[in-house]
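Okay, structure first, notes after.
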Amino acid sequence: MRELLTKQNLDYKDRAHEVAEKYVRPRAAELDRTGEYGWDILEALKSYELTGIWIPREYGGQDAGVLDLCLVVEELSRACGGIGVAYAVNALGSFPIILGGTEEQKRTYLPPIAAGEQLIAFGLSEKPSGSDAGSLRTSAIRDGDAYVINGEKKWNTNGAVASTFTVYALTQPDRGIRGISAFIVERDTPGFEVGKREDTMGIRTVPVNELHFTDCRVPADNLLGHKEGGGFKNAMMTLDRARPGVAAQALGLAQGAFEWALRYTSERRQFGQTVLSFQAIQFMLADMATQIEAARHLVYASARAIDAGAKNISRLAAMAKVFATDTAMKVTTDAVQLFGGYGFCKDYPIEKYMRDAKITQIYEGTNQIQRVVIGRALTRELKELAGHLEVTVEHFPEYDDGES
């Protein structure tokens with residue numbers, strides 16, 4: 001695939017690969033065990049000029065595209081899925097500001113993220129409203145020159161380490177999803193508290209927390225775009241642009257697990273020969289390699305479509321997310337199988353890949369929801385197609401039974 005990438009793409013990919021091999025891989029097991037955030041890895045990313053690359057240059061970023069973002073996430077995740085998402089979630093949190101913020105909001109909040117000086121989190125999900133994001137209950141009521149936010153958020157990746165949060169709340173509860181607005185909330189705002197950290201199966205280096213708002217007064221100037229009611233659309237546009245990043249995390253996990261499995265089966269000997277020499281094992285590895293390559297093409301295609309400004313990107317982004325993450329779960333599970341009993345032990349690196357892969361099928365829209373998104377897009381396309389085509393039996397005479 002390198003021959004299909006531009007010089008800029010390869011530059012980002014190669015720098016990320018170097019960070020992954022020098023700084024991420026040696027620390028992956030320890031960070032998984034302790035749950036500590038990889039602050040030293042963040043410093044490495046800063047020194048390699050890889051933080052906030054997706055942010056426009058006028059706000060301190062590098063104007064890199066979603067494809068460049070995906071290439072970095074893929075390389076980091078190949079060594080550690082937790083580090084991959086710790087990097088990618090800063091794009092998820094800052095995309096709402098890039099897409100819907102005022103000029104002042106962009107100039108205030110984006111440069112520190114671009115420089116890697118601050119981290120950001122995305123506050124949409126709630127206990128009663130995970131996949132059904134439109135039914136959120138957190139409220140934001142205008143009171144003079146501020147909004148008073150009450151409620152709580154769930155599953156906030158980066159929660160314990162972020163300085164800034166993009167948060168969605170109801171400003172007009174009687175309007176349903178049209179009453180949802182987005183806010184920029186700073187960590188030290190009175191009434192805002194980062195709550196319980198989840199004890200997660202995988203991606204353990206990055207903290208996932210609850211957020212609590214109790215009469216939290218947020219300046220009216222922190223209403224995203226200074227407009228009420230555009231929050232739900234902003235969140236959906238953000239997720240469309242962020243899902244290829246989740247797909248890239250899954251792709252990196254699948255690639256990393258595959259490489260370990262290939263190495264192990266080429267060294268492990270049974271019945272007087274390497275495990276790799278058995279045809280059944282070769283077939284497993286062939287399927288894994290094929291699925292990974294298919295996922296890679298779909299992930300890159302979705303990212304390129306977004307970078308090109310294509311309309312109606314929801315379907316392609318959802319396809320990339322669902323296919324790549326399902327591939328990651330299958331490939332990492334098969335890799336554990338190929339390691340045999342050693343694959344079930346934490347002394348070996350492979351079981352972590354499987355644990356890290358599982359969440360990719362769940363967050364930023366479960367894969368069941370992705371299939372709903374794809375299905376609805378196909379339904380709309382069918383209606384459009386029906387307006388251009390009038391299919392009758394004359395088009396297919398071989399099916400004419402004489403009774404039509």
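- With salt bridges taken as basic N to acidic carboxylate O contacts below 4.0 Å, one links K154 and E210.
- Dense packing is recorded around CZ of R142, with more than 12 heavy atoms of other residues, nucleotides or ligands lying under 6.0 Å away.
- The closest side-chain heavy-atom distance from L92 to T157 is not below 4.5 Å.
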Intermediate values then yes/no, side-chain contact (heavy atoms from CB on, under 4.5 Å), V218 and F192: CA-CA 10 Å; V218 175; F192 172 54; over 6 Å; no
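- A distance-only check finds no donor-acceptor pair linking the side chain of S77 to the backbone of E74 [under 3.5 Å].
- The neighbour count for K46 NZ, taken as heavy atoms of other residues, nucleotides or ligands under 6.0 Å away, is above 12.
- The distance from the OG1 atom of T166 to the CZ atom of F183 is 12.5 Å, given to the nearest 0.5 Å.
- H212 pairs in a side chain to side chain donor-acceptor pair (under 3.5 Å) with only one of the listed residues (E152, E193, K153), which is E152.
- Note that CG of D63 and CD of E58 are 6.0 Å apart. Values are rounded to the nearest 0.5 Å.
- For the atom pair CD (E75) and NZ (K13), the distance works out to 4.0 Å, reported to the nearest 0.5 Å.
- Nearest heavy atom pair, residue R197 against residue G35, reads NH2-O, 3.0 Å.
- Each of K106, Q105, R107 was evaluated against E103; a single residue qualifies, R107, per the side chain to side chain donor-acceptor pair (under 3.5 Å) test.
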Give the C-alpha distance, both sets of side-chain angles, the deciding distance and a yes or no for salt bridge (charged side-chain N to carboxylate O under 4.0 Å, His left out) between D287 and K330. CA-CA 10 Å; D287 286 344; K330 184 176 189 310; 5.7 Å; no
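- Enclosure of atom CD in Q273 by more than 12 non-hydrogen atoms of other residues, nucleotides or ligands within 6.0 angstrom is indicated.
- A donor-acceptor pair is defined here as one N or O able to donate and one able to accept, closer than 3.5 Å; such a pair exists between the side chain of R187 and the backbone of A160.
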Evaluation steps, side-chain contact (heavy atoms from CB on, under 4.5 Å), between L42 and L119: CA-CA 10 Å; L42 176 60; L119 305 177; 4.2 Å; yes
Please step through side-chain contact (heavy atoms from CB on, under 4.5 Å) for the pair D174 and Q172, ending with a clear verdict. CA-CA 6 Å; D174 58 330; Q172 297 171 290; 3.9 Å; yes
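- At least one donor-acceptor pair under 3.5 Å links the side chain of E126 to the backbone N or O of T138.
- Shortest non-hydrogen contact noted between V66 and P244 is CG1-CB, 4.2 Å.
- Judged by distance alone, the side chain of T171 and the main-chain N or O of G179 form a donor-acceptor pair under 3.5 Å.
- Within the 3.5 Å criterion, the main-chain N or O of G225 finds no donor-acceptor partner in the side chain of T102.
- Heavy atoms from other residues, nucleotides or ligands lying under 6.0 Å from CD of E21 number more than 12.
- The minimum heavy-atom distance linking F232 with I177 is given by the pair CB-O, 3.6 Å.
- The existence of a salt bridge linking K346 and D32 is excluded, since no basic side-chain nitrogen approaches an acidic carboxylate oxygen closer than 4.0 Å.
- Between D68 and W54, the closest side-chain pair of non-hydrogen atoms is not below 4.5 Å.
- Using a 30° and 60° split on the angle between ring planes, Y348 and Y264 fall in the perpendicular class, above 60°.
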Starting from the C-alpha separation in whole Å, work towards a yes-or-no answer on salt bridge (charged side-chain N to carboxylate O under 4.0 Å, His left out) for D199 and R204. CA-CA 8 Å; D199 188 6; R204 294 181 59 80; 2.9 Å; yes
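- We find the CZ-CE distance between R241 and M237 to be 4.5 Å, quoted to the nearest 0.5 Å.
- N158 is not listed as a side-chain neighbour of F165, based on a closest heavy-atom distance of 4.5 Å or more.
- Looking at I53 and Y87, their side chains come closer than 4.5 Å, going by heavy atoms from C-beta outward.
- Between L338 atom CG and L285 atom CG the span is 5.5 Å, to the nearest 0.5 Å.
- Within 6.0 Å of CD on Q337 lie no more than 12 heavy atoms contributed by other residues, nucleotides or ligands.
- Judged by distance alone, the side chain of N222 and the main-chain N or O of I184 form a donor-acceptor pair under 3.5 Å.
- In this structure, Y168 has its ring center closer than 6.0 angstrom to the ring center of F122.
- At distances below 3.5 Å, at least one donor-acceptor pair connects side-chain atoms of R243 with backbone N or O atoms of E364.
- Considering every non-hydrogen atom in both A257 and A335, the closest pair reads O-CB, 3.9 Å.
- Summarising the geometry of I292 relative to A254, their closest heavy-atom pair is CD1-O, 3.5 Å, with the distance given to 0.1 Å.
- For the atom pair K352 NZ and M201 CE, the distance stands at 13.0 Å (nearest 0.5 Å).
- No more than 12 heavy-atom neighbours from other residues, nucleotides or ligands sit within 6.0 angstrom of CD on E104.
- D11 and R15 are joined by a salt bridge, as a carboxylate oxygen and a charged side-chain nitrogen come within less than 4.0 angstrom of each other.
- Within 6.0 Å of atom CZ in R27, more than 12 heavy atoms from other residues, nucleotides or ligands are found, so the atom counts as buried in its surroundings.
- Contact annotation: the side chain of L71 approaches that of Y300 to within less than 4.5 Å [non-hydrogen atoms, C-beta and beyond].
- Nearest heavy atoms, R78 versus Y353: O-OH, 2.7 Å.
- A donor and an acceptor atom, one from each side chain of S139 and N150, are nowhere located under 3.5 Å apart.
- Residues V167 and F213 are in side-chain contact: their nearest non-hydrogen atoms beyond the backbone lie under 4.5 Å apart.
- Contact of the M354 side chain with the I350 side chain is not registered, since no non-hydrogen atoms from C-beta on lie closer than 4.5 Å.
- Between L224 and I97, some side-chain heavy-atom pair lies under the 4.5 Å cut-off.
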Give the C-alpha distance, both sets of side-chain angles, the deciding distance and a yes or no for side-chain contact (heavy atoms from CB on, under 4.5 Å) between L76 and L45. CA-CA 10 Å; L76 296 177; L45 289 166; 4.2 Å; yes
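- Of the N and O atoms on the side chains of Y109 and E186, at least one donor lies less than 3.5 Å from an acceptor on the other residue.
- Without hydrogens or angle criteria, Q361 side chain to T366 main chain gives no donor-acceptor distance under 3.5 Å.
- Other residues, nucleotides and ligands place no more than 12 heavy atoms under 6.0 Å from the CZ atom of F344.
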